[in-house]
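See structure below.
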Amino acid sequence: MIKQLSWKVGGQQGEGIESTGEIFSMALNRLGYYLYGYRHFSSRIKGGHTNNKIRVSTTPMNAISDDLNILVAFDQETIDLNHHELVDGGIIIADSKFKPEKPEGTSASLYSIPFTEIANELGTSLMKNMVAVGASSTLLGVKPEDFTSVVEQIFSRKGNSVVQKNMEAIREGMAYFKKEAGNELVDFHLEPVETKGRMFMIGNDAIALGALAGGARFMPAYPITPASEIMEYLIKKLPEYGGTVIQTEDEIAACTMAIGANYAGVRSLTASAGPGLSLMMEAIGLSGITETPLVIVDTQRGGPSTGLPTKQEQSDIMAMIYGTHGEIPKIVMAPSTVEEAFYDTIEAFNLAEEYQCPVIIVSDLALSLGKQTVEPLDFEKIEIRRGKFDLSEELPELEKNVYFKRYENAEDGISKRVIPGMKNAIHHVTGVEHNEQGKPSESPDNRNIQMDKRLRKLSDLTDRFKTPVFKDERHEDADLLIVGFNSTRGTIQEVMPRLENDGIKVNHGHVRLLHPFPKNELKDMIDRAKRVVVIENNATGQLAQLIKMEVGSEKLKTLNKYDGNPFLPAEVYQSCKELL
Amino acid sequence: MATFKDFRNNVKPNWCPGCGDFSVQAAIQRAAASAGLTPEKMAVVSGIGCSGRISGYINSYGFHGIHGRSLPIAQGVKMANRELTVIASGGDGDGFAIGMGHTIHAIRRNIDVTYIVMDNQIYGLTKGQTSPRSDMGFKTKSTPGGSIESALNVMEMALSAGGTFVAQSFSSDLKELTSIIEQGIEHKGFSLINVFSPCVTFNKVNTYDWFKENITKLSSIEGYDPTDRAMAMNTLMKHNGLVTGLIYQNKEKPSYEQLVEGFKDEGLVKQPLEMKKDKFDQLVSEFM
Ligand SMILES: Cc1ncc(C[n+]2csc(CCOP(=O)(O)OP(=O)(O)O)c2C)c(N)n1
Ligand code: SF4
């Protein structure tokens, strides 16, 4: 019996590859295993190779695996493109329909199973995916009953007979494979685990759920990969809370509409990827100077321009931190797991209101779309804080022609916030420099006062922010400190024991607050390491540059990958060894 | 009851003497009073331009945003609190050049916002360049040989985009302008009001006198029916868009807010932020 294994299904886009992986992994998640999935897809709907790689483990992990045990193929291209990942003794299970051939030099065994034929006999070729799920999960020692609840959940609205047919397809797939392979393959059986109710979700699900739990009630947004799931989830759920989603004409509208709603007192967010973030830049500055709370989610993907729209990259750091003209206070936070994505999103709304400034939650494609097992989220940890937002309907009367001092020069830089509709709180809001009442002013003294006021707002943020750097410090003094952000955390965690095995003392720091930068925390870690390597999915080492600028270390080495794929643990291990 | 004086503040507009925008300011103040509004229940959102300054010259909540984006900001305000009266405003460059994408979609979306464009057929604030409303041949700093692009017929465009309230007026006609704005405020849905608001400094062609000579008032056309879209379109074409009055109104079409699933009459801003434990547990279980 084994503790973990890696399974991949591939075929042409539009063939149900996604749902094959979905059903397989949902069933295993319900059995109590830990799952981590990564989708390889291209930006077209029909055609083009797509695959879904799923790692199954008896213990928690957060990274894709280096290799592959089982490959399920719906076409020859899947075999040709992926067989090199297979371990010695790996298995290819392919649809006999396309007469699969084993590529030269592979030691894997090939089983040709009539997925399509069996499905056709049961009534429709659509069910070939279920036959494949059945055939491939026999290897793991999974029983047909283990799929019942998942199949019911997915197909029950199509009627009981559809449920039964699909279960039948799974059973037949299993039976056929057993007959074909006999009992020689028990080595793939997974150790049983305790069944436990855990969630199985993508980062975008967690962000959307976090927004809902964090009180967001309005989301204007424009569709884009890999962010659209957030708006698609919220449009289903918000009506119950009185709120809604508007699909706007572009991201400029999305961002400014969110500013309008936040100005009027409703927690509102928008979400996009690099191209949309670029369009929002001017509006981000408006949120900054008008001190209007704003939450933006940026799910990074391959840039520049349209770049690699369906691929992993982490190249928006500089754009997020510096990308608006002029100077404003701004918070950029970077959750590194699905759980964190949930809690951080709630916190983003709190910080946006407390500091009255834009907050960007940055994710990356692997985190946003990678489906993972998540421990049940904790209701008790949900907290809503609105800072200096005055919720009364009426304030003391003002003198005639005097506006409410919305931009009062408070010591901490944060003025009392009021919203339209309130009595005796009328004030002006403008992106032009303004005085305490919000009226335009070009006076140099006023300019200094207001600019300084805004820029000192965040001075206590790095101290207040919970865990600005995730630290796994196994050593007081380390040979190597590995630094990363967003989805690379699980990969780095996986590499650490391998390096430790070689006698290398490794510490890990994962940056969770990119701006304002937690320099003291990171400096301390860097100081106590002989070497530092910054791992990031971009070509120019943006995080490393940021650290150099903020902390000023000469020790930094970078490990970059920008071919569109996430780092494999083996690559990171190899590169770390070479750097040492 | 608030009077138009309650909508005045003591900020002195920095518009040139004689600028058409003064009348628009006065008309908004009068229309607001006449519609029975109070200053704290009204929000004026404006773009960037000479005209965009208007939100600072009216005693109400005001938001002076960025160039071309008054409409999305205004729609966000309205969605957050539908109990407010929301007015969006700006210049013809603001609304029909840089902000055109928002204008056309705000028209079809039909959120209850009153949009007032101060149309001077030129860029005022940037000191005299051509605008999408400039006529062919019009000479400006950016078209020294005369504009070779044709002027946009905004009212025809609004009709074809499905506008439910399409009107035009003229700064010199304060009475008509006030009445149109009041009707726009009362209209349940998006209202587009294009106001010929002369720039006395940079547009020496489309002057007050020029408009007086060329405008036809719809009230002078016998049998004009603003509920008849085809008649509206024909009339606009016949007069090359130079008509004033209520061009078209559709009172049947529900506003966006009326169609949003689960949307309450009370402003969204008043809905609770907290989620109940059983709701949360239900949402979590959907991912198991
Ligand atoms: C993104 C951006 N581009 C350009 C400008 C410069 N700008 C300010 S107002 C304006 C046009 C003004 O014309 P219009 O909107 O017709 O208003 P008016 O001044 O005539 O009232 C321009 C181009 C700006 N503020 N922002
Ligand atoms: S430049 Fe033209 S539009 Fe601007 S204030 Fe003067 S007259 Fe009015």
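Chain letters run A, B, ... following the sequence lines, proteins first, then strands; residues in each count from 1.
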Next item on the list: Answer yes if the side chains of His187(B) and Thr164(B) hold a donor-acceptor pair under 3.5 Å, and no otherwise.
Entry: yes

Notebook entry, point to check: Does a donor on one side chain and an acceptor on the other come within less than 3.5 Å for Arg406(A) and Gln437(A)?
Noted result: no

Notebook entry, point to check: With respect to chain B, which residue among Arg386(A), Lys400(A), His434(A) yields the maximal number of heavy-atom pairs within a distance under 4.5 Å?
Noted result: Arg386(A)

Margin query: With a 4.5 angstrom heavy-atom cut-off, is it the side chain or the backbone of Gln247(A) that approaches chain B, or both, or neither?
Written below: backbone

Item checked: Donor-acceptor pair between Thr126(B) and Gln129(B) side chains, under 3.5 angstrom -> yes

Note to self: Can you tell me which portion of Ile289(A) sits under 4.5 Å from chain B's heavy atoms? Options are side chain, backbone, both or neither.
What the structure shows: neither

Margin query: What part of Ser285(B) gets within 4.5 angstrom of chain A, counting heavy atoms only: side chain, backbone, both, or neither?
Written below: neither

Next item on the list: Search all heavy atoms of Ile181(B) against all heavy atoms of Ile193(B) and return the closest pair with its distance.
Entry: CA-CD1, 3.8 Å

Note to self: Against the six-membered ring of Phe202(B), is Lys127(B) placed for a cation-pi contact (under 6.0 Å from the centre, within 45° of the normal)?
What the structure shows: no

Checklist line | Between Asp250(A), Leu391(A), Thr292(A), Val374(A), the one whose heavy-atom pairs under 4.5 Å with chain B are most numerous | finding: Asp250(A)

Note to self: Using heavy-atom distances under 4.5 Å, tell me whether Ala425(A) contacts chain B through its side chain, its backbone, both, or neither.
What the structure shows: both

Next item on the list: Among the options Asn59(B), Ile104(B), Val11(B), Leu268(B), pick out the one with the most heavy-atom pairs lying under 4.5 Å from chain A.
Entry: Leu268(B)

Checklist line | Check against salt bridge (charged side-chain N to carboxylate O under 4.0 Å, His left out), Arg267(A) and Glu353(A) | finding: CA-CA 9 Å; Arg267(A) 286 191 165 190; Glu353(A) 288 205 311; 3.1 Å; yes

Next item on the list: May I ask you to establish whether Lys279(B) and Tyr241(A) are in a cation-pi arrangement, using a distance under 6.0 Å from NZ or CZ to the six-membered ring centre and at most 45° from the ring axis?
Entry: yes

Next item on the list: Sort out for me which of Arg69(B), Arg53(B), Glu83(B) touches chain A most, counting heavy-atom pairs under 4.5 Å.
Entry: Arg69(B)

Next item on the list: Using a heavy-atom cutoff of under 4.5 Å, enumerate the residues of residues 20-50 of chain B that contact chain A, numbered in order, or state 'none'.
Entry: Pro39(B), Glu40(B), Lys41(B)

Check: For Pro220(A), is it the side chain, the backbone, both, or neither that has a heavy atom closer than 4.5 Å to a heavy atom of chain B?
Finding: neither

Note to self: Side chains of Tyr57(B) and Arg8(B): any donor to acceptor distance under 3.5 Å?
What the structure shows: no

Notebook entry, point to check: Is chain B contacted by the side chain of Ser268(A), its backbone, both, or neither, given a heavy-atom distance below 4.5 Å?
Noted result: neither

Notebook entry, point to check: When heavy-atom pairs shorter than 4.5 Å are enumerated against chain B, which of Pro420(A), Pro440(A), Gly265(A) gives the highest number?
Noted result: Pro420(A)

Check: So which part of Leu84(B) gets closer than 4.5 Å to some heavy atom of chain A, the side chain, the backbone, both or neither?
Finding: side chain

Checklist line | Proximity breakdown for Ile426(A) and chain B, heavy-atom pairs closer than 4.5 Å | finding: both

Notebook entry, point to check: With chain B, which of Gly431(A), Pro376(A), Ala253(A) has the greatest number of heavy-atom pairs at distances under 4.5 Å?
Noted result: Ala253(A)

Next item on the list: Examine distances only and state if a side-chain atom of Ser160(B) and a backbone atom of Glu156(B) form a donor-acceptor pair shorter than 3.5 Å.
Entry: yes

Note to self: Taking the side chain as everything from C-beta on, heavy atoms only, tell me whether Val338(A) gets closer than 4.5 Å to Ile202(A).
What the structure shows: no

Item checked: Per-residue contact mode, Val245(A) against chain B (heavy atom under 4.5 angstrom) -> backbone

Check: Is it the backbone or the side chain of Val284(B) that comes under 4.5 Å from a heavy atom of chain A, or both, or neither?
Finding: both

Notebook entry, point to check: Taking all non-hydrogen atoms of both residues, which atom of Pro358(A) and which atom of Ile328(A) are closest, and how far apart?
Noted result: CG-CD1, 3.9 Å

Note to self: Using ring-ring contact (aromatic ring centres under 6.0 Å, His included), reason through Tyr61(B) and His427(A) one step at a time and then give a plain yes or no.
What the structure shows: CA-CA 6 Å; Tyr61(B) 284 92; His427(A) 61 277; 5.6 Å; yes

Note to self: Quick check on Lys423(A) against chain B: is it the side chain, the backbone, both or neither that has a heavy atom closer than 4.5 Å?
What the structure shows: both

Note to self: At a 4.5 Å cut-off on heavy atoms, which part of Ile58(B) comes close to chain A: side chain, backbone, both, or neither?
What the structure shows: backbone

Note to self: Would you say that Val269(B) contacts Ile419(A) through its side chain, given a criterion of any heavy-atom pair below 4.5 Å between the two side chains?
What the structure shows: yes

Item checked: Geometric class of the Tyr263(A)/Phe63(B) ring pair [parallel <30°, tilted 30-60°, perpendicular >60°] -> perpendicular

Notebook entry, point to check: Looking at Met275(B) and Leu283(B), what are the two nearest heavy atoms and their distance?
Noted result: CE-CD1, 3.6 Å

Check: Where does the angle between the aromatic ring planes of Phe190(B) and Tyr115(B) fall among parallel (under 30°), tilted (30 to 60°) and perpendicular (over 60°)?
Finding: tilted

Notebook entry, point to check: By a 4.5 Å heavy-atom criterion (distance strictly below it), what part of Leu212(A) contacts chain B: side chain, backbone, both, or neither?
Noted result: both

Next item on the list: Let me know if Glu266(B) has heavy atoms under 4.5 Å from chain A in its side chain, its backbone, both or neither.
Entry: neither

Margin query: For a quick test of reading the model, state the closest non-hydrogen atom pair linking Ile207(A) to Thr345(A) and the distance between them.
Written below: O-CG2, 3.4 Å

Notebook entry, point to check: Between Thr373(A) and chain B, which part of the residue has a heavy atom less than 4.5 Å away: side chain, backbone, both or neither?
Noted result: neither

Item checked: Student check: side-chain heavy atoms of Val429(A) and His64(B) closer than 4.5 Å -> no

Item checked: Short side-chain donor-acceptor distance under 3.5 Å, Tyr403(A) and Asn9(B) -> yes

Next item on the list: Quick one: sort the His67(B) and Tyr123(B) rings into parallel, tilted or perpendicular, breaks at 30° and 60°.
Entry: perpendicular

Item checked: chain B contact via Phe349(A) - which portion, at a heavy-atom distance below 4.5 Å -> neither

Checklist line | chain A contact via Gln271(B) - side chain, backbone, both or neither, heavy atoms under 4.5 Å | finding: side chain

Checklist line | Residues of residues 86-103 of chain B with any heavy atom under 4.5 Å of a heavy atom in chain A | finding: Gly101(B), His102(B)

Notebook entry, point to check: Between Val402(A), Ile252(A), Asn424(A), which has the largest tally of heavy atom pairs under 4.5 Å with chain B?
Noted result: Ile252(A)

Checklist line | Engaged part of Ile235(A) at the chain B interface, taking heavy atoms whose separation is under 4.5 Å | finding: neither

Check: Is the shortest heavy-atom distance from the side chain of Phe218(A) to the side chain of Leu238(A) under 4.5 Å?
Finding: no

Next item on the list: May I ask you to test the Leu192(B)-Val154(B) pair for a side-chain heavy-atom distance under 4.5 Å?
Entry: yes

Next item on the list: Pick out which of Lys237(A), Gln153(A), Met199(A), Met201(A) makes a side chain to side chain contact (heavy atoms under 4.5 Å, CB included) with Glu286(B).
Entry: Lys237(A)

Checklist line | Part of Ala254(A) within contact of chain B (heavy atom distance under 4.5 Å) | finding: neither

Item checked: Interchain contact, Arg217(A) with chain B, by part (heavy-atom threshold 4.5 Å) -> both

